[in-house]
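Accompanying notes for the structure given below.
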Amino acid sequence: EGQGRVISNGTVGGGVVASEYRHPVLSRISECLENLRGVEDPKASRAVRWTPLAAGMAATLMALEGSGSLGERCRQARECLSEDLTGERRVGQTYTGLLKALERQAELIPRIWDGLRRQIRSKWESSQEDHGWMLLAADGSKEMLPRTEANEEQFGIGDNGESPQAFITVLIEVSTGAPWDVQIDRATWPFGVVKRVVQTVYAGPRKRQREVEPLRLRLIRVGTKDAPVYLLTNVLDPKLLSNRAAGEIYRKRWGVEVFYRTFKQTMGFAKLRSRSGVRATLELSWGLIAAAIAMLIGVEALGAKAAPAWRG
């Protein structure tokens with residue numbers, strides 16, 4: 001606490017005052033949220049203290065804290081961000097104000113992911129491996145929510161029959177271990193195998209088989225005779241992706257399992273704290289953004305040739 005305060009540097013010249021950070025992690029978080037720099041609150045009718053960048057940095061710090069109530073995490077984040085990032089005004093002072101700002105600014109979240117994907121792609125391009133493919137591992141996991149009427153209305157009761165559950169689907173860029181894209185929804189799974197023809201599998205939504213054209217996928221068998229593993233890919237030409245290469249790629253996708261362990265246990269997202277559906281979605285969204293930022297920082301700290309941050 002107290003190490004991340006923003007300080008003014010008047011040495012830029014020409015009367016310009018720049019904002020600097022005493023703690024390098026805060027500086028890196030700000031760089032990861034570069035798509036928010038200079039962006040105004042899209043729904044505010046007047047100037048606000050919780051600007052999109054300030055609110056985003058506070059939400060990221062809260063997600064990385066991993067313990068304590070949301071209000072306590074907000075207090076610690078405000079102490080780190082004691083001055084607004086433009087150096088012109090202070091950040092907001094209340095947890096309620098921060099939540100309202102994040103709700104107003106939720107439409108900017110896709111913009112944040114666009115910026116993060118550019119940075120992840122840059123890391124991948126600097127060390128291309130994996131047969132020339134950018135590997136995205138997909139998996140889903142359920143998130144427990146407080147049993148409130150608002151959460152039940154937003155997410156419904158989970159398959160445990162007791163409390164609301166959210167279902168998150170995450171694409172992980174394998175070389176960095178960072179989330180590439182996410183989806184938050186009710187705890188349901190809409191796809192099922194429709195039909196298999198020799199080495200081709202057709203899959204589509206269970207309840208809309210006559211309305212939606214199914215996916216055409218190639219079936220690949222790897223592993224041993226006694227312990228076969230069956231894979232599906234939309235790369236239908238074996239010359240572009242051989243069975244052997246597919247097997248090597250598959251073994252690398254297990255990092256997504258480690259990601260969920262990190263997200264739930266290390267970052268404390270095994271059960272959410274928000275008592276409304278809208279704020280639970282925000283809590284999850286910013287937790288996943290914070291995880292992507294942490295992975296990017298970890299990859300930089302370990303070096304380009306080191307193992308992905310999730311393997312540590």
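Heavy-atom minimum distance, Phe259 versus Ala291: CE1-CB, 3.7 Å. Contact record, Ala54 with Val91: CB-CG1, 3.8 Å, taken as the closest heavy-atom pair. Heavy-atom minimum distance, Val48 versus Thr51: O-CG2, 3.7 Å. In plain terms, the two heavy atoms of Glu300 and Arg28 that are nearest each other are OE2-NH2, 2.7 Å. The shortest non-hydrogen separation linking Tyr230 to Leu219 is CB-CD1, 4.1 Å. Nearest heavy atom pair, residue Ile168 against residue Phe263, reads CD1-CE2, 4.1 Å.
A donor-acceptor pair under 3.5 Å links the side-chain atoms of Thr60 to the main chain of Gly56, judged by distance alone. With hydrogens and angles ignored, the 3.5 Å screen pairs no side-chain donor or acceptor of Gln105 with any backbone N or O of Pro42.
Looking at Leu61 and Leu81, their side chains come closer than 4.5 Å, going by heavy atoms from C-beta outward. Looking at heavy atoms from C-beta onward, Trp180 lies in side-chain contact with Met134 at the 4.5 angstrom threshold. The shortest distance between side-chain heavy atoms of Gln165 and Glu143 does not fall below 4.5 Å. The closest side-chain heavy-atom distance from Glu173 to Asp181 is not below 4.5 Å. The shortest side-chain heavy-atom distance between Met144 and Ser163 falls under the 4.5 Å cut-off. Using a 4.5 Å cut-off on side-chain heavy atoms (C-beta onward), Leu64 and Ile29 make contact.
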(message) For Arg118 and Asn35: C-alpha separation, side-chain torsions, deciding distance, then whether side-chain hydrogen bond (donor to acceptor under 3.5 Å, both in side chains) applies.
(response) CA-CA 11 Å; Arg118 281 199 299 271; Asn35 274 19; 2.7 Å; yes
(request) Check the pair Glu162, Arg147 against salt bridge (charged side-chain N to carboxylate O under 4.0 Å, His left out), reporting the backbone distance first and the verdict last. (result) CA-CA 8 Å; Glu162 298 178 356; Arg147 188 166 187 176; over 6 Å; no
(request) List the steps, then state whether salt bridge (charged side-chain N to carboxylate O under 4.0 Å, His left out) holds for Lys43 with Glu103. (result) CA-CA 10 Å; Lys43 295 183 178 179; Glu103 289 180 18; over 6 Å; no
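Put simply, Met267 and Leu70 are part of the same group of oily side chains (I, L, V, M, F, W, Y) that touch within less than 4.5 Å, one to the next.
Under a 4.0 Å N-O distance rule, the pair Arg111/Asp114 does not qualify as a salt bridge. Between Arg75 and Glu79 a salt bridge is recorded (basic side-chain N to carboxylate O distance below 4.0 Å).
Enclosure of atom CD in Glu34 by more than 12 non-hydrogen atoms of other residues, nucleotides or ligands within 6.0 angstrom is indicated. Glu149 CD: 12 or fewer foreign heavy atoms inside a 6.0 Å radius.
Between the side chains of Ser30 and Arg37, at least one donor N or O lies within less than 3.5 Å of an accepting N or O. Side-chain contact check for Lys264 and Ser141: at least one donor-acceptor pair (N or O, by modelled atom type) lies under 3.5 Å. At a cut-off of 3.5 Å, with distance as the only test, no side-chain donor of Arg279 or Asn151 sits close to an acceptor on the other residue.
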